[in-house]
Amino acid sequence: MRITLKDGSVKEYENAISVYDIALDISEGLARAACCAKIDGKTADLRTVIDHDCELSICTANDEEGLAAIRHTASHVLAEAVKNLFPNAKLAIGPSIETGFYYDFDHEAFSRDDLDALEAEMKKIVKKGEKLEKFTLPRAEAIAFMEERQEPFKVELIQDLPEDAEISFYRQGEFVDLCAGPHLMSTKGVKAFKLTSSSMAYWRGDSDKARLQRIYGTAYNKKEDLQAHLERMEDAKRRDHNRLGREMDLFTTVDVIGQGLPLFTPRGTKMLIKLQRWIEDLEDKEWGYVRTRTPLMAKSDLYKMSGHWDHYKEGMFVLGDEETDKEVFALRPMTCPFQYYVYKNTQKSYRDLPYRMSETSTLFRNEDSGEMHGLTRVRQFTITEGHLVVRPDQMVEEFKGCLALAKHCLTTLGVEEDVTYHLSRWDPENREKYIGEPEVWNETEQHIREVLTQLEIPFVEDVGEAAFYGPKVDINARNVYGKEDTMITIQWDALLAEQFDMYYVDQNGDRVRPYIIHRTSMGCYERTLAWLIEKYAGKFPTWLCPEQVRVLPISEKYEAYAWEVLKALRARDIDAEVDNRSEKIGFKIREARLARVPYMLVVGQQEEEQGLVSVRSRFAGDEGQKPLAEFIGQISEEIASKTIRKEEVQEK
């Protein structure tokens with residue numbers, strides 16, 4: 001039996017052998033450091049017995065898979081600690097995740113004191129260093145085993161498995177958990193961990209099922225790595241848009257209005273308006289789009305025609321009942337079928353294409369209440385949505401143009417280095433999710449693949465993430481906690497024109513089906529604002545700030561001049577305010593800094609007499625006195641060019 005290691009060397013064994021014993025055969029040091037393995041590319045437990053030729057990579061804490069095994073084992077240590085301190089708690093699930101691990105319990109809410117007590121109990125368990133032993137049971141015995149232990153959630157999980165399944169468990173001392181692994185060889189490998197928070201969660205993510213309590217934690221191989229992570233998390237809390245956006249008075253939410261329905265204050269609204277005006281001018285004046293305005297709802301007939309009724313109805317807000325009402329309407333979750341009818345309103349020839357339509361579209365999606373978070377996951381949102389109706393021979397270049405527009409928007413906002421590109425493909429094993437034939441899907445996916453390669457854009461491929469009518473490029477970014485969200489989408493659609501009888505007249509007078517590109521240029525305004533809050537920690541580029549300048553009179557004697565300065569600023573469309581409170585100038589400067597105002601103009605006797613302003617900025621501190629006209633010219637240029645001064649960009 002030949003085992004090819006990741007360095008290309010080969011180990012030969014006559015008999016079947018476990019991964020751990022292979023690691024031990026290589027070196028005792030590797031065996032001590034080993035966390036799990038990859039056998040022919042698939043993650044496996046160290047206890048796995050190999051009985052055939054294969055490629056083997058032994059993973060340590062330096063590998064993603066190895067770190068995940070440490071965290072998965074930590075989740076089991078947490079579960080044991082909970083059962084020790086709170087014996088009546090029922091176990092649900094406890095996986096490793098990208099930033100650590102969590103475990104769900106049927107129990108009352110856990111306090112911070114509870115988490116501290118659980119950490120102390122976990123340290124005792126780790127110190128004991130119990131070995132983790134894997135064993136399996138037939139399905140019926142596994143159900144009886146967990147019923148005897150009074151773990152109803154585990155019983156439900158086992159009941160969902162096939163009748164002939166062998167169910168795997170891991171035992172550490174007296175604690176046993178249902179689990180597929182992989183795990184460390186003993187609890188001693190959990191060297192550095194921290195329980196970070198607790199929250200409510202629904203069993204299996206379903207709001208109709210049991211409400212559970214989820215404990216989050218993280219684990220590393222070294223205390224130094226744990227400390228670095230905790231410092232990053234503290235910075236993430238400071239930047240969290242859900243907290244910072246409220247502190248900066250940009251948005252709020254109200255229970256009686258509902259989850260996922262944010263209210264934007266005047267400051268937040270001003271930022272959204274700036275983004276909207278920029279995007280609309282950019283698309284219409286520089287990229288050749290025409291602007292549409294379409295209804296917020298439509299009859300179910302429209303969504304049945306597009307396929308959304310069959311493929312997306314559960315995510316829509318439906319108004320009425322098909323069995324009792326003559327007409328049933330739904331709030332729109334997308335704009336595409338509406339814009340198709342704008343296109344169809346007049347006959348188009350091949351000379352009219354490409355026909356680029358864009359709309360600042362308010363959309364509605366019936367997201368699960370447990371998924372709501374700040375501005376990143378909402379039920380009503382506004383998007384820079386567009387549809388390009390093109391001839392097939394124009395498709396590739398227009399798709400490239402959509403990518404170029406998206407990159408331009410990302411660059412202008414200063415976030416172009418924070419994104420990843422994904423080719424979202426269909427899943428041929430899940431045919432009922434999609435319309436169209438395999439040949440069409442394979443061809444369109446290959447076109448997108450070639451475009452991204454030609455443009456030298458690095459990308460990954462995600463099977464099963466395509467829209468039901470076509471593949472797409474998703475441009476994703478991570479929030480401060482590491483969760484990935486899609487910011488911009490560009491979809492290739494060779495199918496829906498047929499369903500809506502869309503056509504153009506070609507050179508020969510024949511009717512020809514066009515192709516359609518579904519795209520956003522900047523994406524969702526709400527999600528983009530959340531992204532920018534976290535990216536800049538609220539210190540936005542000057543052009544985006546709701547308050548760009550604050551005028552600070554030294555005393556009430558100079559208020560009249562302060563108002564003159566304000567009038568001159570506003571005459572040039574600069575967002576400015578006067579702080580005329582009866583406070584000392586040092587206090588006013590500190591307040592302006594806390595409000596993250598880019599520029600402060602201090603005015604007193606000398607400034608008034610000579611038409612000057614004393615400039616203080618977020619970027620350079622005291623910039624000295626300048627003639628008012630000179631300052632206005634400088635900031636006007638900064639705003640018009642959408643300059644991002646280096647001091648504004650801060651790493652997460």
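Here the side chain of Arg519 pairs no donor or acceptor atom with the backbone of Gln491 at under 3.5 angstrom. For Thr218 (side chain) and Thr99 (main-chain N/O), a donor-acceptor pair under 3.5 Å exists by modelled atom type. A donor-acceptor pair under 3.5 Å links the side-chain atoms of Asp206 to the main chain of Asp208, judged by distance alone. Between the side chain of Asp240 and the backbone N or O of Ala236, no donor-acceptor pair lies under 3.5 Å. Side-chain atoms of His241 never come within 3.5 Å of backbone atoms of Gly374 as a donor-acceptor pair (strictly under, hydrogens ignored). In terms of modelled atom types and a separation under 3.5 Å, the side chain of Ser349 and the main chain of Arg351 share a donor-acceptor contact. A donor-acceptor distance shorter than 3.5 angstrom exists from the side chain of Glu526 to the backbone of Thr382, with no hydrogens or angles considered. Panel note: side chain Arg527, backbone Met487; no donor-acceptor pair is recorded below 3.5 Å. Checking side-chain atoms of Lys348 against main-chain N and O of Thr346 turns up a donor-acceptor pair under 3.5 Å. Of the possible donor and acceptor atoms, none in the side chain of Arg596 sits under 3.5 Å from a partner among the backbone N and O of Phe540.
Inter-residue side-chain proximity for Arg618 and Pro598 is flagged as met; some heavy-atom pair is nearer than 4.5 Å. In this structure the side chain of Tyr312 reaches within 4.5 angstrom of the side chain of Arg365, judged on heavy atoms. Side-chain contact check for Asn366 versus Leu331: every heavy-atom pair is 4.5 Å or farther apart. The side-chain heavy atoms of Leu282 and Cys409, taken from C-beta on, include a pair separated by under 4.5 Å. Within the 4.5 Å cutoff, no side-chain heavy atoms of Leu319 are placed close to those of Asp325. Using a 4.5 Å heavy-atom cutoff, the side chains of Ile644 and Tyr536 are in contact. Residues Ile516 and Tyr343 fail the side-chain proximity criterion, which asks for heavy atoms closer than 4.5 Å. Looking only at side-chain heavy atoms (C-beta outward), Lys38 and Cys59 come within less than 4.5 Å of each other.
Residue His422 is tested with Thr489, Asp462, Thr486 for a side chain to side chain donor-acceptor pair (under 3.5 Å); the sole match is Asp462. With respect to Tyr599, the side chain to side chain donor-acceptor pair (under 3.5 Å) criterion is satisfied by exactly one of Glu638, Glu547, Gln548, Gln634: Glu638.
In this structure, the ring pair (Phe, Tyr, Trp, His ring centres under 6.0 Å) partners of Phe468, at least two apart in sequence or on a different chain, are His308, His311. Lys270 is linked by a side chain to side chain contact (heavy atoms under 4.5 Å, CB included) to Lys274, Pro546, Asp575, counting only residues two or more places apart in sequence or in another chain. With sequence neighbours excluded, no residue forms a salt bridge (Lys or Arg N to Asp or Glu O under 4.0 Å) with Lys642. Not counting sequence neighbours, His408 has no partner by the ring pair (Phe, Tyr, Trp, His ring centres under 6.0 Å) test.
Across all their heavy atoms, Ala494 and Thr444 have their closest contact at CB-CG2, 4.2 Å. Taking every heavy atom of both residues into account, Leu302 and Ala298 meet most closely at CD2-CB, 3.7 Å. Residue Ser306 comes nearest to Leu496 through the heavy atom pair O-CD2, 3.5 Å, listed as atom of the first residue, atom of the second, then distance. The shortest non-hydrogen separation linking Ala466 to Trp441 is CB-CZ3, 3.7 Å. For the residue pair Met248 and Ala595, the shortest heavy atom distance occurs at CE-O, 4.4 Å. Looking at every heavy atom in both residues, Tyr469 comes nearest to Leu495 through O-CD1, 3.4 Å.
We find that Asp235 and Arg238 are joined by a salt bridge, their nearest charged nitrogen and carboxylate oxygen being less than 4.0 Å apart. Look at Arg513 and Asp501 and you find a salt bridge, because one of the NZ, NE, NH1 or NH2 atoms lies within 4.0 Å of a carboxylate O, short of that distance. Between Glu283 and Arg356 there is no salt bridge, since no side-chain N of the basic residue sits under 4.0 Å from a carboxylate O of the acidic one.
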#### Entry: Chi angles and distances behind the side chain to side chain contact (heavy atoms under 4.5 Å, CB included) call for Thr420, Glu484
CA-CA 10 Å; Thr420 55; Glu484 194 169 70; 3.4 Å; yes
### Task
Give the intermediate values and the outcome of salt bridge (Lys or Arg N to Asp or Glu O under 4.0 Å) for residues Lys407 and Glu416.
CA-CA 7 Å; Lys407 292 188 78 172; Glu416 71 281 2; over 6 Å; no
### Query
Would Glu577 and Arg570 count as a salt bridge (Lys or Arg N to Asp or Glu O under 4.0 Å) if you check the C-alpha gap in whole Å, the side-chain angles of each, and the deciding distance to 0.1 Å?
CA-CA 9 Å; Glu577 301 291 340; Arg570 289 183 173 178; 3.3 Å; yes
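Here the CG-NE2 distance, from Asn242 to His373, works out to 4.5 Å after rounding to the nearest 0.5 Å. Here CE of Met233 is found 8.5 Å from OG1 of Thr196. Values are rounded to the nearest 0.5 Å. One finds the CZ atom of Arg511 at 12.0 Å from the CG atom of Asp506 (value rounded to the nearest 0.5 Å). Leu403 contributes atom CG, which lies 4.0 Å from atom CD1 of Ile490 (distance to the nearest 0.5 angstrom). One finds the OG1 atom of Thr360 at 4.0 Å from the CD atom of Gln276 (value rounded to the nearest 0.5 Å).
For residues 262-302, the ring-ring contact (aromatic ring centres under 6.0 Å, His included) pairs, not counting sequence neighbours, are Trp278-Trp543.
For the residue pair Asp474 and Ser424, a side-chain donor N or O sits within less than 3.5 Å of a side-chain acceptor on the partner.
Around atom CD of Glu432, more than 12 heavy atoms belonging to other residues, nucleotides or ligands sit under 6.0 Å away. For Arg243, the CZ atom counts as densely surrounded, since its 6.0 Å shell holds more than 12 non-hydrogen atoms of other residues, nucleotides or ligands. More than 12 non-hydrogen atoms from other residues, nucleotides or ligands lie less than 6.0 angstrom from CD of Glu286.
Relative to the ring axis of Phe500, Lys344 does not place its NZ or CZ within 45° and under 6.0 Å from the centre. Stacking of Arg332 on the aromatic ring of Phe338 is recorded, both the 6.0 Å distance cut-off and the 45° axial limit being met. Relative to the six-membered ring of Tyr303, Lys313 misses at least one condition, a distance below 6.0 Å or an angle of at most 45° to the axis. Annotation: cation-pi geometry not satisfied between Arg71 and Phe101 (NZ/CZ under 6.0 angstrom from ring centroid, within 45° of ring axis).
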Pair up each side-chain donor or acceptor in residues 384-392 with any protein partner under 3.5 Å, not counting sequence neighbours, and list the distances.
{"residue": "Thr384", "atom": "OG1", "partner": "Ser521", "partner atom": "N", "Å": "3.2"}
{"residue": "Thr384", "atom": "OG1", "partner": "Ser521", "partner atom": "OG", "Å": "3.3"}
{"residue": "Thr384", "atom": "OG1", "partner": "Met522", "partner atom": "N", "Å": "3.1"}
{"residue": "Thr384", "atom": "OG1", "partner": "Gly523", "partner atom": "N", "Å": "3.1"}
{"residue": "Thr384", "atom": "OG1", "partner": "Gly523", "partner atom": "O", "Å": "3.4"}
{"residue": "Glu385", "atom": "OE1", "partner": "Thr335", "partner atom": "N", "Å": "3.2"}
{"residue": "Glu385", "atom": "OE1", "partner": "Thr335", "partner atom": "OG1", "Å": "2.4"}
{"residue": "Glu385", "atom": "OE2", "partner": "Thr335", "partner atom": "N", "Å": "3.3"}
{"residue": "His387", "atom": "ND1", "partner": "Gln339", "partner atom": "OE1", "Å": "2.5"}
{"residue": "His387", "atom": "NE2", "partner": "His518", "partner atom": "ND1", "Å": "3.3"}
{"residue": "Arg391", "atom": "NE", "partner": "Asp393", "partner atom": "OD1", "Å": "3.0"}
{"residue": "Arg391", "atom": "NH1", "partner": "Tyr350", "partner atom": "O", "Å": "2.8"}
{"residue": "Arg391", "atom": "NH2", "partner": "Asp393", "partner atom": "OD2", "Å": "3.1"}

